[in-house]
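Let me begin by presenting the structure, written as structure tokens, before commenting on it.
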Amino acid sequence: MIDPKVEKVLIEQMAKESASSALYLSMHSWLEMKGLEGCATFMFAQAEEERTHMLKLMKYINDSGGHAIIQGVKQPKAQFKNVKEIFELVLESEKDISRSIHQLVDVCTKLKDYTTLHFLQWYVAEQHEEEKLARTILDKLEIIGLEGNGLYLFDKEIAGIQVQTEMKAQDAGGAGA
Ligand code: OFO
């Protein structure tokens with residue numbers, strides 16, 4: 001039976017994953033409206049991935065004798081200056097989620113909840129990958145720039161990353177769910 005303190009923090013984490021999914025979907029919508037298909041498709045996949053992270057937590061809580069209460073989500077930011085702002089916000093969001101996961105690990109360590117600690121290892125590794133990906137994208141943006149054909153080339157580049165992400169998901173048997 002899951003400790004109520006662990007249940008509470010895991011439910012809070014579900015809400016953060018849902019908020020992250022909503023923010024990424026909002027970014028997708030803005031990018032699609034601007035005609036940046038590569039970036040828009042990438043952000044749609046990221047939004048879906050965050051939803052699978054929320055669902056994975058929900059299933060774990062319920063399978064552990066708890067009750068995964070679904071929280072409401074605030075309206076996410078809808079307007080962005082440019083793609084640079086979007087990917088800077090993605091990195092900030094991923095860093096926030098990483099901090100949150102690390103706090104969960106601290107709670108479970110103090111309570112000697114080894115089962116949940118084992119479950120959370122997947123999230124620790126996933127966050128490392130997500131932060132790395134966001135940094136790689138910002139590095140590419142720095143190199144390519146937004147001048148002239150830069151934005152067009154950057155969008156194509158992100159479409160390429162998308163294909164690699166899909167291949168990774170297929171290898172893992174589907175987006176980490
Ligand atoms: Fe689920 O927060 Fe990123 O990956």
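First listed ligand is number 1; within each ligand, the first listed atom is number 1. The first residue of the sequence shown is numbered 1, and numbering continues consecutively from there. The model shown is predicted, which means the values in this text are computed figures rather than measured ones.
Donor-acceptor pairing under 3.5 Å is lacking for the side chains of Y123 and S98. Judged by distance alone, the side chains of Q13 and E17 do bring a donor and an acceptor atom under 3.5 Å apart. At a cut-off of 3.5 Å, with distance as the only test, no side-chain donor of H118 or Q121 sits close to an acceptor on the other residue.
For E50, the N, O or S atom with the smallest separation from atom 3 (Fe) of ligand 1 is OE2.
Remark: side-chain polar atoms of D155 are paired, donor with acceptor, to backbone N or O of E37 under 3.5 angstrom.
With respect to the salt-bridge test (charged N to carboxylate O, under 4.0 angstrom), the residues E85 and K77 qualify. Ionic pairing of E48 and R51 is not present here: no N-O contact between side-chain nitrogen and carboxylate oxygen is shorter than 4.0 angstrom.
Remark: ligand 1 atoms within the under-4.0 Å shell around heavy atoms of H53 are 1 (Fe), 2 (O), 4 (O). Interface atoms of ligand 1 facing E126, defined by a heavy-atom separation under 4.0 Å, are 4 (O). If you number the atoms of ligand 1 from 1 as listed, the ones under 4.0 Å from a heavy atom of I97 come out as 2 (O).
Here E94 meets the criterion, with an N, O or S atom under 2.8 Å of atom 3 (Fe) of ligand 1. Distances from atom 1 (Fe) of ligand 1 show that E17 has an N/O/S atom below 2.8 Å.
With a 4.0 Å heavy-atom cut-off, ligand 1 is reached by no atom of E49.
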